[in-house]
Chemist: 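The structure's right below; bear with me while I get my questions together.
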Amino acid sequence: MAEGSKDQASTGTTDPEEDSPNMIVYRKIEDIVTRIQDEKAGGVAIRTVKSFLSKIPSVVSGADIVQWLMKNLSIEDPAEAIHLGSLVAAHGYIFPISDHVLTLKDDGTLYRFQSPYFWPSNCWEPENTDYAIYLCKRTMQNKARLELADYEAENLARLQRAFARKWEFIFMQAEAQVKIDRKKDKAERKILDSQERAFWDVHRPVPGCVNTTEMDIRKCRRERNPHRVKKSVYGVPDDGQSQPSPIHISSQPTRKPTKEDVQKEITFLNTQLDRHCMKVSKVADSLMTYTEHRDPSQQRVKKWGFSLEEALKDPTGRDQFLKFLESEFSSENLRFWLAVQDLKRRPLQDVPSRAQEIWQEFLAEGAPSSINLDSHSYERTSQNLKDPGRYSYEDAQEHIFKLMKSDSYARFLRSNIYQDLLLARKKGKSLTGKRLTGLMQSS
Amino acid sequence: KTSFNCIFNVSFSLRFKPFRRRPLPAQRKYMRSPLTPEMATQEVQLNETLAHLKTESETLKSKLEEERAKLHDVELHQVAEKVEGLGQFVMKTRRTLKGHGNKVLCMDWCKDKRRIVSSSQDGKVIVWDAFTTNKEHAVTMPCTWVMACAYAPSGCAVACGGLDNKCSVYPLSLDKNENLAAKKKSVAMHTNYLSACSFTNSDMQILTSSGDGTCALWDVESGQLLQSFHGHAADVLCLDLAPSETGNTFVSGGCDKKANVWDMRSGQCIQSFETHESDINSVRYYPSGDAFASGSDDATCRLYDLRADREVAIYSKESIIFGVSSVDFSLSGRLLFGGYNDYTINVWDVLKGTRVSILFGHENRVSTLRVSPDGTAFCTGSWDHTLRIWA
């Protein structure tokens with residue numbers, strides 16, 4: 001994909017508009033919408049629903065769409081699916097059959113799919129003359145359900161004032177459209193009418209609704225032919241009075257690379273190839289030293305000296321403290337503490353058995369890693385274990401923690417293991433420091 | 001052979017018909033005047049050289065990709081498997097700043113962790129106290145679409161610009177009645193819209209990026225151009241300065257899908273990354289300066305490691321199809337916040353590559369997002385005319 005777009009400046013065969021940010025999103029939505037409608041490939045069932053005296057053709061329920069989105073796009077939260085579906089609607093690809101407001105609801109509300117003819121990817125920028133013809137046409141269709149909404153009536157009044165001089169023309173066009181519509185099949189007309197209405201809901205949205213046709217001005221210059229004649233929805237020929245959009249300023253065409261440009265690029269690429277590329281990414285490296293207990297930095301080692309809590313927070317600190325305790329043959333305290341921490345994170349069903357295991361290992365008569373608990377805590381704990389839970393060992397853990405803090409921890413800080421790390425880091429860092437800056441300077 | 005035929009036909013036409021220009025052979029359509037044989041050969045040679053160079057460039061690019069692939073070791077998220085997962089955390093809108101009359105396009109925090117400057121499509125630049133939501137200053141720019149704004153490190157001035165192709169600096173006075181527009185200083189001049197601006201570590205210099213495809217470093221006092229940066233093949237949309245400890249570099253992203261790292265002193269591009277499939281709307285350095293993240297219209301955020309010289313992570317989901325407009329890291333760099341064109345904010349675990357949270361609230365595109373200097377909150381600006389503070 002990268003290759004194709006690189007070539008296009010020279011060959012000009014790829015349609016540059018396909019690359020534009022808006023088009024990328026439209027194609028993704030179109031892919032989704034096409035998949036939803038493909039019943040054979042796991043899409044939703046599009047049916048005709050019976051309602052009172054009439055039938056509603058070609059509809060889907062909002063709930064069905066939400067279900068499909070959750071299943072096929074790996075969405076866990078229905079709120080997310082509803083949000084995405086609402087955006088698909090707001091861009092005009094699906095619409096509720098009885099509402100001008102384009103959102104998706106997770107219930108029995110009925111929705112229809114927009115005809116590809118009206119898709120936003122066809123770069124519609126309908127003029128007000130077209131909108132006037134549409135509203136005018138609607139008033140001619142004497143049906144209650146097609147009555148203009150308040151905002152539409154206001155829009156119509158405004159357009160009548162603005163187009164006062166050519167209103168006769170607009171009226172005639174509207175009449176012509178009505179004639180064409182009457183010739184169509186009834187069911188087909190229902191569908192087409194609703195699709196047409198949804199089209200205008202996108203391009204002339206209900207006041208207060210987001211106008212999804214608004215563009216980021218930085219991306220507007222991309223269009224190859226901003227002055228092309230815009231097609232009319234109702235086949236009204238362009239009378240030459242439509243202003244070219246002010247955002248399509250005459251931009252410099254995308255610069256074709258010159259010989260100098262390409263030569264510069266070649267020099268740059270050669271430099272890149274000659275660089276010393278370290279194998280491991282710095283971010284990954286920092287991560288590995290942290291988790292694999294390798295080479296902790298001096299700052300980190302210092303932190304362990306602040307308190308036992310700090311030392312135990314850091315996995316490498318924990319590791320080193322354990323090493324020290326093992327050398328003193330008193331590691332069972334820390335191991336007990338760690339086992340209880342782990343117990344608190346276990347899934348509920350594992351808790352009773354794990355609690356028993358801890359008892360057997362550390363507290364039972366003749367336990368292999370017997371810890372030293374005062375009789376009060378011992379009693380409490382064995383009582384707790386009659387109904388074992390995550391916090392059965394809270395008391396015991398606190399007691400052991402205090403013991404480690406007052407006794408072993410102080411000795412740890414004075415130990416060779418700790419002191420070596422603290423001091424060795426001082427020498428190590430400046431060496432590494434020099435090496436790194438050297439590398440950076442050479443590149 | 002050709003010249004012989006030409007002479008022959010010309011003499012014929014002179015005698016029998018009015019002179020009719022003979023159509024030129026196909027490969028020389030661009031030439032307007034009849035060719036001499038020497039010129040013809042030269043032109044063909046030049047074309048061959050350009051084509052030859054292009055082939056060489058493409059070959060080098062493939063070779064570079066090959067070398068990068070060879071050095072490819074374990075993925076970041078694999079190393080991160082051993083790291084503890086992040087717990088659930090809830091972030092909510094704590095303040096909503098209302099007052100702009102149109103789309104909010106950009107915002108920046110003051111170093112005092114409290115004030116914010118924001119700019120909008122309606123031409124207004126507003127300075128807010130984020131805590132009280134009071135407006136402290138307001139300036140009306142002479143143009144619409146003010147796409148860039150930045151707070152000076154001292155907190156005493158703001159810079160902004162957009163469709164006027166300039167970057168102007170306004171000193172902020174304590175006297176709220178004073179007309180700020182009167183003290184405006186024009187600093188940068190580009191030949192197309194200003195897309196981003198940032199003060200360097202002092203109030204004295206400003207770095208800008210523009211739709212004209214360049215970035216530039218300016219002296220604020222004199223308005224002099226100190227350094228310009230050429231290399232993008234299309235509009236540059238964003239930039240970010242490296243954290244001061246890591247030296248004088250900055251990264252820029254553009255419509256050519258490239259993210260370039262520049263040396264500020266020499267003006268040279270020292271590294272370039274091209275893995276995105278569409279415009280790069282936002283770039284931000286990782287707190288340690290070892291990497292940077294980018295957000296693009298291809299609906300992904302990516303992490304690029306500067307030492308490994310390649311992309312090391314992609315943050316994307318099948319259900320996210322709208323472009324990313326703006327990204328920023330949490331203080332530790334563990335989280336990446338992305339503002340999207342689908343009105344949401346997605347929060348990513350940088351190391352594990354998973355999405356931690358999705359935040360709803362804005363009613364139109366999120367156009368800008370910045371984490372506060374102390375990392376306790378982040379602010380978003382949107383096309384729905386509001387700014388929101390989240391924590």
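Order of the sequence lines fixes the chain letters, A, B, ..., with proteins taken first and strands second; residue numbering starts at 1 for each chain.
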Chemist: Which heavy atom in M147(B) sits nearest to a heavy atom in C106(B), and how many Å separate them?
Modeler: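 Looking at all heavy atoms of both residues, the shortest contact is O-CB, 3.4 Å.
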Chemist: Heavy-atom distances under 4.5 Å only: say whether R355(B) touches chain A with side chain, backbone, both or neither.
Modeler: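 Only the side chain of R355(B) comes within 4.5 Å of chain A.
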Chemist: Taking side chain as everything from C-beta outward and backbone as N, CA, C, O, which of these in N72(A) sits under 4.5 Å from a heavy atom of chain B? Side chain, backbone, both or neither.
Modeler: backbone
Chemist: Under 6.0 Å from the NZ atom of K63(B), do we count more than 12 heavy atoms belonging to anything else shown?
Modeler: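 Check fails, neighbour count at 12 or below.
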Chemist: Please classify the contact between I358(B) and chain A as side chain, backbone, both or neither, with a heavy-atom cut-off of under 4.5 Å.
Modeler: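 For I358(B), side-chain heavy atoms alone lie under 4.5 Å from chain A.
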Chemist: Measure Q271(B) against the heavy atoms of chain A and call it side chain, backbone, both or neither at under 4.5 Å.
Modeler: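 For Q271(B), backbone and side chain are both near chain A.
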Chemist: Which region of T212(A), side chain (C-beta onward) or backbone (N, CA, C, O), has a non-hydrogen atom less than 4.5 Å from a non-hydrogen atom of chain B, or is it both or neither?
Modeler: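 Only the side chain of T212(A) comes within 4.5 Å of chain B.
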Chemist: Output yes when a side-chain donor or acceptor of R365(B) lies under 3.5 Å from a complementary backbone atom of N341(B), and no otherwise.
Modeler: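 No, R365(B) side chain to N341(B) backbone: no donor-acceptor pair under 3.5 Å.
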Chemist: Going by heavy atoms in the side chains, are F229(B) and T214(B) under 4.5 Å from each other?
Modeler: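 Heavy-atom side-chain distance check fails, nothing below 4.5 Å.
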Chemist: In terms of heavy-atom proximity below 4.5 Å to chain B, should L84(A) be classed as side chain, backbone, both, or neither?
Modeler: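 For L84(A), side-chain heavy atoms alone lie under 4.5 Å from chain B.
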Chemist: Between D342(B) and chain A, which part of the residue has a heavy atom less than 4.5 Å away: side chain, backbone, both or neither?
Modeler: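 Both backbone and side chain.
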Chemist: For L105(B), which atoms come within 4.5 Å of any heavy atom of chain A: side chain, backbone, both, or neither?
Modeler: neither
Chemist: Check whether D256(B) gets within reach of chain A through its side chain, its backbone, both or neither, counting any heavy atom under 4.5 Å.
Modeler: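 The answer is neither part of D256(B).
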Chemist: Does the pair I217(A) and Y193(B) meet the rule for a side chain to side chain contact (heavy atoms under 4.5 Å, CB included), with working shown?
Modeler: CA-CA 10 Å; I217(A) 203 169; Y193(B) 66 83; over 6 Å; no
Chemist: May I ask you to check whether over 12 heavy atoms, not counting those of E309(A), lie within 6.0 Å of atom CD?
Modeler: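 It does: E309(A) CD has more than 12 such atoms within range.
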Chemist: Taking atom types as modelled, find out whether T300(B) and R302(B) have a side-chain donor-acceptor pair closer than 3.5 angstrom.
Modeler: yes
Chemist: For K105(A), is the NZ atom crowded, meaning more than 12 foreign heavy atoms sit under 6.0 Å from it?
Modeler: no
Chemist: For chain A, which of S195(B), G323(B), A291(B), C269(B) has the most heavy-atom pairs under 4.5 Å?
Modeler: C269(B)
Chemist: For each of I266(A), N270(A), V210(A), I75(A), tally heavy-atom pairs with chain B at distances under 4.5 Å, and name the one with the top tally.
Modeler: I266(A)
Chemist: Below 4.5 Å from any heavy atom of chain B, which atoms of I32(A) appear? Answer side chain, backbone, both or neither.
Modeler: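 Contact with chain B: side chain only.
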Chemist: In terms of ring plane angle, is the pair F292(B) and F273(B) parallel, tilted or perpendicular, where the classes change at 30° and 60°?
Modeler: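 Rings of F292(B) and F273(B): perpendicular, as their planes differ by over 60°.
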Chemist: Picking from Q263(A), H83(A), E265(A), which has the most non-hydrogen pairs under 4.5 angstrom with chain B?
Modeler: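 Looking at each of Q263(A), H83(A), E265(A) in turn, H83(A) comes out on top.
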Chemist: Need one label for S272(B): side chain, backbone, both or neither, based on atoms under 4.5 Å from any heavy atom in chain A.
Modeler: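 Contact with chain A: backbone and side chain both.
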Chemist: Can you tell me which of L306(B), L303(B), V312(B), L237(B) forms the most heavy-atom pairs within a distance under 4.5 Å of chain A?
Modeler: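 It is L237(B).
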Chemist: Would the distance check show the side chain of D216(A) and the main-chain N or O of R218(A) forming a donor-acceptor pair, the cut-off being under 3.5 Å?
Modeler: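 Answer holds: yes.
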